[in-house]
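Here the structure comes first, spelled out in structure tokens, and everything after it is commentary.
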Number of protein chains: 2
Amino acid sequence: MVGTAIRTAIGSRRASAAGRETRERILDAAERLFAESGYSNVSTRQIADEARSNIAAAHYHFGSKEGLLEAVLGRRLDGINAERERLLTQCMRDAGGRPAIQDVLEAFIGPTLRLSKTEEGRRFNLLTGRASTDPNPEVKRILFQVYDSVGRCFVEAAAAACPDLSKAELFWRLTCVYGAMMYIRADNGRLQHLFGPGFTLSDVDGALKYAMPFLTTGMQAPPSAAAAPDATPSRREDD
Amino acid sequence: MVGTAIRTAIGSRRASAAGRETRERILDAAERLFAESGYSNVSTRQIADEARSNIAAAHYHFGSKEGLLEAVLGRRLDGINAERERLLTQCMRDAGGRPAIQDVLEAFIGPTLRLSKTEEGRRFNLLTGRASTDPNPEVKRILFQVYDSVGRCFVEAAAAACPDLSKAELFWRLTCVYGAMMYIRADNGRLQHLFGPGFTLSDVDGALKYAMPFLTTGMQAPPSAAAAPDATPSRREDD
DNA sequence: GTCTATATGTGGATAGAC
DNA sequence: GTCTATCCACATATAGAC
């Protein structure tokens, strides 16, 4: 509705020690509360209170609640996603355009999973994991924008790593990969509830040791057309 | 906050043709709107309008917005989850306690994926997929309650199908399975956006043909301890 | 840049007529 | 059972003093 909010406030911000501190406190508070309760369930009031500031300051710095979410995401994702793209490009180049799928998965998923080694990183993963299925159009728009570039790199690299998969099969397999990655990040507690105490999705080593091989093996499954029951058993056209 | 809402209204409901019609119209409207926008982003007013009724009627029949969500979920899940449990129990029994993992996955995931064959089933999957990462405590409580029993059946059957996996490894693999299943249901449009037109998660045949084998193969990966780099290559203790 | 006070809208829930 | 009218809490956003 008010998409044309005052972005000038952001552009005209100049170095001011006190100002930057407030700004960062608001970002920290927003990140924490968005992660805990979800974008739509948190008010700018709560954020301002948590930041020991007030609503007006939040609007002064970020123009709107939407702009605040954008800033919260950009603050961390700009760096993370640049690294993921760099790793993806590099493993493509190192392998002469035919990377191993485990390297591609590691480049795309590894950096995000490892975020959970710190408490604030874990919180940020919770935020993005929950946001990934948020129906709010504002949230969707921002996510599509922030993840578009790295997502394209990933699909391209995965396609190069699995040249004998049809585009349809790649689509479904990468959906499963995305799903697993986001579910780990969103950490909804379902499996912990079923498995009892002692199991946690925040265990980065467990994720790398157990989830990554699951996904790698799944990606390496033979193409479904060739694996169909009673179908031509051995002939395939490439590779 | 108001968890002790008037449940008597539900209990005291007796057969009344006009009443039941209104009730069903409200459930239909709530299901549609919850699926579209998420529980927290829909007001009871919108639901009442969509049902060509009013807020008071919704509160009369369901006591609260929370009670309404509970009824929306129960209406379909009671049947679906009973069927899933029946299938899981059956494939355990048929295999003498050692079922094939693909049968377990099919029993647990198949019935929900096939819901998407109808438009209203697809909408319902959207609703539950989005709800699965909803941070709202009301939503979490209801989901845990509605899925607890079938979830335990599934974990038990999966453990029986994969006896050589440690509990930790099973935990992580089933997390991946859950993640893929929920991501397909939540259908956030990310992969369609990256793959372009012609690809859709509503394609039930595609899901069964491509996603299920991915998950089955992942579950069948050798245990990670034995698959560790440069580790003992062939000796394993069971099976 | 930061605040208080406020404008303006909408949320869930209920009272009470019919 | 169904409705209108209403209570009250809280949302985003802004005006204007400092």
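To find a chain, count down the sequence lines: A is the first, B the second, and so on, and within it residues start at 1. Bear in mind the structure is a predicted one, so any value in this text is a computation, not a measurement.
- Between B:Ile55 atom CD1 and C:dA15 atom C1' there is a gap of 13 Å when expressed in whole angstrom units.
- Atom pair B:Leu69:CG and C:dG12:P shows a separation of 13 Å (rounding to whole Å applied).
- Residues passing the ring pair (Phe, Tyr, Trp, His ring centres under 6.0 Å) test with A:Tyr147, sequence neighbours excluded: none.
- In this model, no donor atom of one side chain and acceptor atom of the other lie less than 3.5 Å apart for A:Thr200 and A:Gln192.
- A donor-acceptor pair under 3.5 Å links the side-chain atoms of A:Arg130 to the main chain of A:Ala35, judged by distance alone.
- Between A:Ile26 atom CD1 and D:dT12 atom P there is a gap of 14 Å when expressed in whole angstrom units.
- Looking at residues 44-54 of chain A, you'll see A:Ser53, A:Asn54 sit with a heavy atom under 4.0 Å from some atom of DNA chain C.
- Residues that satisfy the side-chain contact (heavy atoms from CB on, under 4.5 Å) test with B:Thr44, not counting sequence neighbours, are B:Ile55, B:His59, B:Lys65.
- For A:Asp49, the side-chain contact (heavy atoms from CB on, under 4.5 Å) criterion is met by no residue, not counting sequence neighbours.
- For the helix from C:dG1-D:dC18 to C:dC18-D:dG1, the axis fitted to the five pairs at one end and the axis fitted to the five pairs at the other end meet at an angle of 0° (nearest 10 degrees).
- Nucleotide D:dT6 holds its C1' atom 14 Å from the NE2 atom of B:His59, rounded to whole Å.
- Residues that satisfy the side chain to side chain donor-acceptor pair (under 3.5 Å) test with A:Gln46, not counting sequence neighbours, are A:Ser43.
- For DNA chain C, the residues of residues 32-43 of chain B within the heavy-atom distance limit of 4.0 Å (strictly under) are B:Val42, B:Ser43, sorted by number.
- Summarising the geometry, the separation between OH on A:Tyr60 and P on C:dG1 is reported as 4 Å, rounded to the nearest angstrom.
- When each of D:dT2, D:dT14, C:dT14 is scored by its nearest atom to the side-chain atoms of B:Ala56, the top-ranked nucleotide is C:dT14.
- The side chain of B:Ser64 sits closest to C:dA13 out of D:dA13, D:dT14, C:dA13.
- Every ring pair (Phe, Tyr, Trp, His ring centres under 6.0 Å) that B:Tyr39 has, sequence neighbours left out, goes to B:Phe34.
- In terms of the side-chain contact (heavy atoms from CB on, under 4.5 Å) criterion, residue partners of A:Met181 (sequence neighbours excluded) are, by chain and number, A:Arg84, A:Phe108, A:Ile109, A:Thr112, A:Tyr178, A:Arg185.
- Legend: residues meeting side-chain contact (heavy atoms from CB on, under 4.5 Å) with A:Ser116, ordered by chain and number and at least two apart, are A:Arg122, A:Asn125, A:Val204.
- Here salt bridge (Lys or Arg N to Asp or Glu O under 4.0 Å) pairs that include residues 27-37 of chain B, with residues two or more places apart or in two chains, are B:Asp28-B:Arg75, B:Glu31-B:Arg75, B:Glu31-B:Arg76, B:Arg32-B:Glu50.
- Residues in residues 194-211 of chain B take part in no salt bridge (Lys or Arg N to Asp or Glu O under 4.0 Å) pair, two or more places apart or across chains.
- Nucleotide D:dT12 holds its P atom 5 Å from the NZ atom of A:Lys65, rounded to whole Å.
- Nucleotide C:dG12 holds its P atom 13 Å from the CD atom of B:Glu66, rounded to whole Å.
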